[in-house]
Amino acid sequence: VAVGSRSQESADLFANQFGVPRRHASYAALVNDPDVDAIYVATPHSFHQEHTQLCLRAGKAVLCEKPFAINAAQSAAMIATARESKVFLMEAMWTRFLPLIVRVQELIAEGAIGELRMLWSDFGFRTSVNPAGRLFDPALGGGGLLDVGIYPVSMAALLFGQPNRIASMADLGETGIDEQAGIILGYPDAKMAMLATAVRTTTPMETTIMGSSGSIRIHSPSWSPTRMTLNNQAGTQLLEVPMIGNGYNYEAAEVGRCLRAGLTESPHMSLDETLSIMQTLDAIRAQWGMQYPME
């Protein structure tokens, strides 16, 4: 319906590419558009709080791109604004709504791999160091953890909840951001998640969920998957679960479903869970001694 950008030129460029009828030269103009009901915030990490609250205060429902914010304090402020305003807000962790991930949850609930025990998940890629680029700029929340580490951390949260033990280390690069990191999360009942993330190292980009009587391996790319292998007492099965489009449509459909139902948050990606994930990310960074300039 509409796009808002920092300038008319950039708004027009995007709108022309995707056939968007309304083009706004500022975010303020977008949130004041009477024909806009919900807004997808896709600005850099460090602007999520400001732009989300701008939308919420104008009464616009928000789908905020992951990571939800820079830290848990910002996240809590955004959630407070949404709840006080009684306006819908959801983190855009799009992978959670993909058909294959929904099927994984069904298999686990059916007992296909027994009691959950362990998770291995990684997301890393190698890119050139560019101190002025978003991925390497601390002022924009650069680094692997917030950009791609959020995927395995969120997967661990989906399966196990909030950890009660964290052990982690990272290699901090010349700009001060995490270029690669290893993370172990521990949970009650001896459950454990082993995660890896990087912006300077290419990893397999797979996820393996291990239970007491089997395992599920989500094939690469596990952040946008259509294939998995189920291993259990019945044997080995390759399961294909296709998706329509690029995958972002499923989270958008969930926002529409919630708004039609009069909900102010999604039961499948609750604000309490989003806050819990951000608290985990904060605790991981604290072990590295890594802070962003705005903190």
Side-chain angles (χ1 to χ4, degrees), residues 5-6 27 40-56 62-82 89-94 122-157 162-163 166-185 195-201 203 223 269 271-295:
S5 191
R6 289 175 292 177
Y27 302 127
Y40 169 54
V41 172
T43 47
H45 313 333
S46 53
F47 294 100
H48 286 183
Q49 179 187 7
E50 175 189 347
H51 295 153
T52 293
Q53 289 181 309
L54 180 72
C55 298
L56 293 171
V62 175
L63 176 65
C64 181
E65 182 55 34
K66 58 81 203 161
F68 194 62
I70 288 291
N71 54 36
Q74 289 189 358
S75 300
M78 294 157 67
I79 291 168
T81 299
L89 174 62
M90 187 180 91
E91 179 184 3
M93 178 42 68
W94 62 290
D122 67 88
F123 192 162
F125 61 96
R126 182 172 177 83
T127 188
S128 301
V129 176
N130 175 11
R134 179 182 66 81
L135 287 173
F136 293 91
D137 186 351
L140 295 177
L145 184 66
L146 293 192
D147 202 67
V148 290
I150 181 72
Y151 286 91
V153 171
S154 187
M155 177 60 75
Q162 189 167 28
I166 297 174
S168 180
M169 66 173 62
D171 287 324
L172 304 184
E174 61 188 64
T175 65
I177 58 89
D178 56 302
E179 294 190 350
Q180 63 178 15
I183 302 160
I184 302 175
L185 304 178
L195 317 175
T197 181
V199 292
R200 291 283 289 151
T201 305
T203 70
W223 43 269
M269 187 73 245
L271 295 177
D272 286 344
E273 183 178 5
T274 286
L275 181 59
S276 171
I277 291 169
M278 292 305 305
Q279 290 167 342
T280 299
L281 296 175
D282 283 0
I284 291 167
R285 282 197 297 117
Q287 293 191 351
W288 305 342
M290 176 181 156
Q291 283 194 313
Y292 297 110
M294 72 290 292
E295 295 183 294

Practice task
Only one of T274, L56, T43, T52 passes side chain to side chain contact (heavy atoms under 4.5 Å, CB included) with C64; say which it is.
Solution key: T52

Exercise for the section: Say whether, by atom type as modelled, one donor and one acceptor occur between the side chain of T197 and the main chain of G144 under 3.5 angstrom. Expected result: yes

Problem - Residue M294 excluded, over 12 heavy atoms near CE under 6.0 Å - result: yes

Problem - Which atom of A72 lies closest to which atom of D282, heavy atoms considered - result: N-OD2, 2.9 Å

Handout entry: Under the side chain to side chain contact (heavy atoms under 4.5 Å, CB included) test, residues paired with R6 that sit two or more places apart
Key = Y27

Problem - Within-4.5 Å side-chain heavy-atom neighbours: L271 and E273 - result: no

Problem - F136 side chain near R200 side chain, heavy-atom distance below 4.5 Å - result: yes

Practice task
Under the side chain to side chain contact (heavy atoms under 4.5 Å, CB included) rule, collect the residues that match up with T280, sequence neighbours excluded.
Solution key: V153, Q162, P163, I166, L185, I284

Practice task
Quick one: closest heavy-atom pair of K66 and A92, and the distance?
Solution key: CG-O, 3.6 Å

Handout entry: Residues which pass salt bridge (charged side-chain N to carboxylate O under 4.0 Å, His left out) with E65, listed by chain and number, not counting sequence neighbours
Key = none

Problem - CE on M269 to CD on E91, rounded to 0.5 Å - result: 4.5 Å

Completion exercise
Interatomic distance, CG@D272 vs CD1@I79, rounded to 0.5 Å, equals 7.0 Å

Handout entry: Partners meeting side-chain hydrogen bond (donor to acceptor under 3.5 Å, both in side chains) with R134 (sequence neighbours left out)
Key = D147

Exercise for the section: Please round to the nearest 0.5 Å and tell me the distance separating atom CH2 of W94 and atom CG of L63. Expected result: 12.5 Å

Practice task
Just jot down the side-chain hydrogen bond (donor to acceptor under 3.5 Å, both in side chains) partners of N71, sequence neighbours excluded, or say none.
Solution key: E295

Problem - R285 vs D178 side-chain heavy atoms within contact, under 4.5 Å - result: no

Exercise for the section: Classify the angle between the aromatic ring planes of F123 and Y151 as parallel (below 30°), tilted (30 to 60°) or perpendicular (above 60°). Expected result: tilted

Handout entry: Donor-acceptor contact below 3.5 Å, side chain S168 vs main chain G182
Key = yes

Exercise for the section: List for me each residue that meets side-chain hydrogen bond (donor to acceptor under 3.5 Å, both in side chains) alongside S75, sequence neighbours excluded, and say none if there are none. Expected result: none

Practice task
Name the orientation class of the two ring planes belonging to H48 and H45 (parallel below 30°, tilted from 30 to 60°, perpendicular beyond 60°).
Solution key: perpendicular

Handout entry: OH-CE distance between Y40 and M90, expressed to the nearest 0.5 angstrom
Key = 10.5 Å

Exercise for the section: Drop me the distance from N130's CG to L135's CG, to the nearest 0.5 angstrom. Expected result: 9.0 Å

Exercise for the section: List in chain and number order the residues that pass side-chain hydrogen bond (donor to acceptor under 3.5 Å, both in side chains) with D122, two or more places apart in sequence or in another chain; answer none if no residue qualifies. Expected result: W120, T203

Completion exercise
Taken in chain and number order and not counting sequence neighbours, the residues that satisfy side chain to side chain contact (heavy atoms under 4.5 Å, CB included) with Q180 are D171, A198, T201

Practice task
Using a 4.5 Å cut-off on heavy atoms from C-beta on, say whether the side chain of I150 contacts that of F68.
Solution key: no

Practice task
Report the C-alpha separation of L146 and I70 in whole Å, then their side-chain angles, then the decisive distance to 0.1 Å, and conclude whether the side-chain contact (heavy atoms from CB on, under 4.5 Å) test is met.
Solution key: CA-CA 8 Å; L146 293 192; I70 288 291; 4.2 Å; yes

Problem - Pairs satisfying salt bridge (charged side-chain N to carboxylate O under 4.0 Å, His left out), at least one member in residues 40-53, at least two apart - result: none

Problem - From E179 atom CD to R126 atom CZ, the distance as rounded to the nearest 0.5 Å - result: 8.5 Å

Practice task
Look only at the side chain of S46 and the backbone of A139, and say whether a donor-acceptor pair between them is shorter than 3.5 Å.
Solution key: yes

Problem - Exercise: identify the closest heavy-atom pair between L195 and A156 - result: CD1-CB, 4.5 Å

Problem - Partner set under ring-ring contact (aromatic ring centres under 6.0 Å, His included) for Y292, not counting sequence neighbours - result: none

Handout entry: Partners passing side chain to side chain contact (heavy atoms under 4.5 Å, CB included) against Q53 (at least two apart in sequence or in another chain)
Key = Q49, R57, A77, M78, T81

